[in-house]
Protein chains: 2
Amino acid sequence: MNKHRTLLKHHKLSLTAVRLGVLEALDAQPHSSVEEIFAVVKDKIVTTSKQAIYNNLNTLVKHGIIREIKPKGEPSRYETRVGDNHHHLICRECHMIVDTDCFSGAPCLEPMDDHGFNVDEAEILFWGICPSCQNNTNKEGSKDE
Amino acid sequence: MNKHRTLLKHHKLSLTAVRLGVLEALDAQPHSSVEEIFAVVKDKIVTTSKQAIYNNLNTLVKHGIIREIKPKGEPSRYETRVGDNHHHLICRECHMIVDTDCFSGAPCLEPMDDHGFNVDEAEILFWGICPSCQNNTNKEGSKDE
DNA sequence: CCAAAATATTGATTTTGTCAAAATTTTTAT
DNA sequence: ATAAAAATTTTGACAAAATCAATATTTTGG
């Protein structure tokens with residue numbers, strides 16, 4: 001995975017084992033949480049710490065190398081797919097996240113009325129039930145309180 | 001404010017002072033945080049607790065009477081404007097939130113590809129700098145780290 | 001008005017994440 | 001290659017936001 005080294009050099013970021021591990025983990029499993037990334041990285045670098053994961057994720061986000069997704073009431077997830085204007089579907093039950101492309105043609109960065117704001121990002125999250133959970137619910141009957 | 005009493009009756013929710021206070025506070029100041037709502041309600045009901053505010057907000061959200069907005073890295077905000085498909089502009093500097101209507105005609109509930117999800121909500125947050133903060137930044141020069 | 005149900009109060013607890021300082025690693029410049 | 005400087009990592013304390021749980025109080029429905 002030499003592309004990560006090149007990418008980091010480009011941003012003048014140190015090339016450390018943990019940092020590369022984070023990027024590899026995210027490439028392998030997009031929309032991972034800190035816990036998930038930590039588990040994967042720790043497998044290779046047993047001495048690593050959760051704080052190092054947090055540090056790196058924050059640094060990478062600041063540099064625009066990765067993107068953070070933070071659904072209501074859930075820990076943050078991260079992805080390496082940046083730069084294109086894609087959005088996310090999230091399942092209310094199992095919390096799975098799936099990428100979805102932007103509206104055809106519709107300019108996502110333009111709200112109807114921007115009230116004078118200088119808008120630089122449109123964050124779009126589609127909430128619903130994923131196919132798998134739709135099946136489970138049907139089979140098991142309603143589990144809602 | 002009798003509409004709140006009617007609304008609560010409709011949902012078979014108890015008509016308590018704190019609950020009515022929360023709704024009034026939210027009507028008066030949309031996009032309020034728990035702290036802000038607590039401060040307003042406490043003004044009228046000095047014995048109230050923050051937990052009561054949390055309880056009520058959660059209950060009201062569950063019943064679809066109010067909506068929760070939770071921008072990354074910030075405490076939740078709430079609003080009584082529900083049922084219409086409107087979205088939000090949020091200022092990266094002062095965190096002010098402003099309502100904005102949906103794209104003209106574009107069906108917000110329909111992502112390009114829904115991957116089989118049963119989508120029931122499209123949550124759209126436009127990030128940027130509000131007019132007031134644009135002015136401040138220009139006058140004071142860049143304050144960024 | 002009274003019993004049952006819902007809500008409020010209080011205080012502990014959890015979760016997610018940041019802060020800070022010393023130790024280590026990486027980079028830069030010889 | 002090497003030493004100083006800069007960046008990162010490690011460790012542990014800490015903080016904010018929100019939930020949980022138990023008891024007290026209020027609200028509702030008969």
Side-chain angles (χ1 to χ4, degrees), chain A residues 4-23 25 31-63 65-66 68-78 95 145, chain B residues 2 4-25 31-63 65-66 68-78 95 145:
Chain A
H4 292 151
R5 293 169 189 274
T6 316
L7 186 59
L8 293 177
K9 290 260 173 187
H10 229 261
H11 286 267
K12 302 192 178 173
L13 288 173
S14 290
L15 226 149
T16 72
V18 179
R19 189 163 285 160
L20 289 167
V22 167
L23 286 173
H31 314 131
S32 293
S33 65
V34 168
E35 292 295 335
E36 289 164 340
I37 297 164
F38 177 59
V40 170
V41 174
K42 186 146 190 115
D43 241 32
K44 294 232 166 178
I45 307 155
V46 289
T47 63
T48 199
S49 64
K50 211 171 285 181
Q51 184 60 53
I53 308 294
Y54 272 107
N55 288 162
N56 277 298
L57 289 170
N58 286 340
T59 301
L60 294 170
V61 167
K62 268 184 202 151
H63 285 261
I65 294 170
I66 64 174
E68 182 182 7
I69 310 155
K70 197 181 176 70
K72 275 186 262 208
E74 293 181 36
S76 289
R77 319 289 195 82
Y78 300 86
H95 310 141
E145 2 129 31
Chain B
N2 225 302
H4 292 152
R5 293 168 189 275
T6 317
L7 186 58
L8 293 177
K9 290 257 173 190
H10 228 262
H11 287 267
K12 301 190 178 176
L13 289 173
S14 290
L15 226 149
T16 71
V18 180
R19 187 162 287 160
L20 289 167
V22 167
L23 286 173
E24 274 178 40
H31 314 133
S32 292
S33 65
V34 168
E35 292 295 335
E36 289 164 341
I37 297 163
F38 177 59
V40 170
V41 175
K42 185 143 191 118
D43 241 33
K44 295 231 166 178
I45 306 154
V46 290
T47 63
T48 199
S49 63
K50 211 171 285 180
Q51 184 61 53
I53 308 294
Y54 273 107
N55 288 162
N56 276 299
L57 289 171
N58 286 339
T59 301
L60 294 170
V61 167
K62 268 184 201 151
H63 284 261
I65 294 169
I66 64 174
E68 183 182 6
I69 310 156
K70 196 181 176 71
K72 274 186 262 210
E74 293 180 37
S76 289
R77 319 289 197 81
Y78 301 85
H95 310 140
E145 4 132 27

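Predicted model, so just to flag it, every value in this text is computed and none were measured. Chain A is the first sequence line, chain B the second, and so forth, proteins listed ahead of strands; every chain is numbered from 1. In what follows, every heavy atom counts, from backbone to side chain, and hydrogens, waters and symmetry copies are set aside.
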(message) Restricting to side chain to side chain contact (heavy atoms under 4.5 Å, CB included), what partner residues turn up for A:K72, sequence neighbours left out?
(response) A:W127, B:E68, B:K70, B:E121, B:E123

(request) Applying side chain to side chain contact (heavy atoms under 4.5 Å, CB included), name anything that partners A:I66, two or more places apart in sequence or on another chain. (result) A:L23, A:L26, A:L57, A:L60, A:V61, A:Y78, A:T80

(request) If a protein heavy atom is under 4.0 Å from the base, mark B; if only from the sugar-phosphate, S; if neither, -; do that for nucleotides 24-30 of chain D going 5' to 3'. (result) ---SS--

(request) Please report the shortest heavy-atom distance between A:V22 and A:V41, naming the atom on each side. (result) N-CG2, 3.8 Å

(message) Could you report the tightest heavy-atom contact between B:A25 and B:S32, atom names first, then the distance?
(response) O-OG, 4.5 Å

(message) Return whichever of B:K50 or B:K12 has its heavy-atom-nearest nucleotide of DNA chain C closer to the 5' end.
(response) B:K12

Contacts under 3.5 angstrom, residues 45-54 of chain B side chains, donor-acceptor by atom type, not counting sequence neighbours:
unit_1: B:S49; atom_1: OG; unit_2: B:A52; atom_2: N; d: 3.2
unit_1: B:K50; atom_1: NZ; unit_2: B:E35; atom_2: OE1; d: 3.4
unit_1: B:K50; atom_1: NZ; unit_2: B:E35; atom_2: OE2; d: 2.9

(request) Please answer whether the main-chain N or O of B:G21 pairs with a side-chain N or O of B:E24 as donor and acceptor at a distance below 3.5 Å. (result) no

(message) Run B:K9 and B:T6 through side-chain contact (heavy atoms from CB on, under 4.5 Å) and show every step you take.
(response) CA-CA 5 Å; B:K9 290 257 173 190; B:T6 317; 5.7 Å; no

(request) Could you list the residues that satisfy side chain to side chain donor-acceptor pair (under 3.5 Å) with A:S14, not counting sequence neighbours? (result) none

(message) I'd like the 5' and 3' limits of the part of DNA chain C contacted by chain A, with heavy-atom contacts below 4.0 Å.
(response) C:dT16 to C:dT27

(message) Could you work out, with salt bridge (charged side-chain N to carboxylate O under 4.0 Å, His left out) as the rule, every residue matching A:E74, not counting sequence neighbours?
(response) A:R77

(message) Measure NZ/A:K70 against P/D:dA17 and give the value in whole Å, please.
(response) 12 Å

When rounded to the nearest 0.5 angstrom, what is the spacing between [atom1] in [X] and [atom2] in [Y]?
X	Y	atom1	atom2	result
B:T59	B:H11	OG1	NE2	12.0 Å
B:H63	B:L7	NE2	CG	10.5 Å
A:K62	A:N58	NZ	CG	6.5 Å

(request) Can you sort out which residues in residues 40-48 of chain A have a heavy atom within less than 4.0 Å of DNA chain D? Ascending by number, please. (result) A:T47, A:T48

(request) With the side chain of B:Q51 defined as its heavy atoms from C-beta on, choose the nearest nucleotide among D:dA18, D:dT11, D:dA21. (result) D:dA21

(request) Work out how much the helix from C:dC1-D:dG30 to C:dT30-D:dA1 bends between its end axes, five pairs an end, to the nearest 10 degrees. (result) 50°

(request) Kindly indicate whether the side chain of B:I37, heavy atoms from C-beta on, has any atom under 4.5 Å from the side chain of B:N56. (result) no

(message) Side chains of B:L8 and B:T16, heavy atoms from C-beta outward: is any pair under 4.5 Å?
(response) no

(message) Below 4.0 angstrom, which residues in residues 52-61 of chain A have at least one non-hydrogen atom near DNA chain C?
(response) A:Y54, A:N58

(request) Tell me, please, which residues at least two apart from B:H95 pass ring pair (Phe, Tyr, Trp, His ring centres under 6.0 Å). (result) none

